[in-house]
Amino acid sequence: MGFRSILSCAHLWTADRLRPGDTAIDATVGTGADTLFLARTVGSKGHVFGFDIQEQAIELAKNRFASAPDQDKLAPVTFFTQSHGDMKNYIPSHFHGHIGAVMFNLGYLPADQADPSVITLTATTISALEVSLDLLRPKGILTVVLYPGHKGGDEEAHAVSEWAAKLPIAIGQAVTYRQLQRATSPYLIAIEKK
C-alpha cells in the first residue's frame, strides 16, 4: 500500500477533526485544491475562507469550484486577495476561537504562467501561524505543508519547524510527517490545539 502523500495525510488528519457545518480557512489558496477539500468536508452548512496574495490563484480556485460536480454539497467560500498574515483582520470576530481547521501549503503557485519568484515569506508565515492558533477552536487543527527544496523554502521550513518545536504543550501538540532519507522532500507539520 505504501505511505500516504504529504497532501493526502494533511487532508486525512484535517477530515478527522472537522465536522459538517464547521468553518475552516485555506491560508494559501494556490490552485484551490485544499479550498475545495475543505468546502466538501464542512459541507453546505459550513463556510470556508481562502487567502492568497495572487489574483491568479483566486481565479484558478474559482474555476476549480465552477467545474466541481457536487456544487450543491459544497460550503460557500469567501476569497480574499490578501496575505495570510492579515487573516485576523478579515475573519469576522464571531469566528475567532471557533475555526475547525487552518491549512497552509507554502511555497509558490504551481500553475502555468505563474511567477515562481512570488513565494510565501518566513516572517509573514510565522505571523499567520500565530494568528491561526488564536482563530482555532479547542481540538481544531493547523496543517502546514513545507517545501525546503526551493530557494527560500529551506529557510521558511526551518523557521516553521523551530516555531512548532517551541510551541508550549499547553497550547497544542505538534507532529511531523516526513520522509527522512531526502532532506529536500516536502513535509507536513500539524498542530492540534488544546
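Please read all numbers here as calculations on a predicted model, not as lab measurements. Only this structure's heavy atoms are used, side chains among them; waters, hydrogens and symmetry mates stay out.
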Counting only N and O atoms by type, is there a donor-acceptor contact under 3.5 Å from the side chain of D22 to the main-chain atoms of R19? yes

Side chains of Q54 and T81 only: does a donor on one sit below 3.5 Å from an acceptor on the other? no

Within a 6.0 Å radius of atom OH on Y147, are there more than 12 heavy atoms belonging to other residues, nucleotides or ligands? yes

Tell me whether H96 contacts the main-chain N or O of I91 through its side chain, where contact means a donor paired with an acceptor under 3.5 Å. yes

Is a donor on one side and an acceptor on the other found under 3.5 Å between the side chain of K193 and the backbone of L133? yes

From the list T143, V145, L142, side-chain contact (heavy atoms from CB on, under 4.5 Å) with F104 holds only for L142

With a 3.5 Å cut-off and no angle check, do the side chains of E156 and T125 form a donor-acceptor pair? yes

Is a side-chain N or O of Q71 found less than 3.5 angstrom from the main chain of F65, in a donor-acceptor match? yes

Tell me which one of D115, L109, D112, T31 satisfies side-chain contact (heavy atoms from CB on, under 4.5 Å) with Q56. L109

Closer than 3.5 angstrom, by distance alone: can the side chain of R17 be matched with the main-chain N or O of K139 as a donor-acceptor pair? no

I'd like to know if the side chain of T28 and the backbone of N105 have a donor-acceptor N/O pair within less than 3.5 Å. yes

Might you point out which heavy atoms bring G152 and I119 nearest each other, and give the distance in Å? CA-CD1, 4.1 Å

Would you name the heavy atoms of A24 and V42 that are closest together and state the gap between them? CB-CG1, 4.5 Å

Side-chain H-bond candidate by donor/acceptor type, D34 with H11, under 3.5 Å: yes

Distance-only side-chain donor-acceptor flag, E130 / W163, under 3.5 Å: yes

As a test of understanding, state which of T120, D26, I58, T35 forms a side-chain contact (heavy atoms from CB on, under 4.5 Å) with D52. I58

In the structure I gave you, are the side-chain heavy atoms of T176 and Y187 within less than 4.5 Å of one another anywhere? yes

Might you confirm whether atom CD of Q173 has over 12 heavy atoms from other residues, nucleotides or ligands at distances under 6.0 Å? no

Please tell me if the side chains of L38 and L36 come closer than 4.5 Å, counting only heavy atoms from C-beta onward. no

Look at the aromatic rings of F95 and F49 and report parallel, tilted or perpendicular, splitting at 30° and 60°. perpendicular

Scan side-chain atoms only and decide if T78 and Y90 contain a donor-acceptor pair under the 3.5 Å cut-off. no

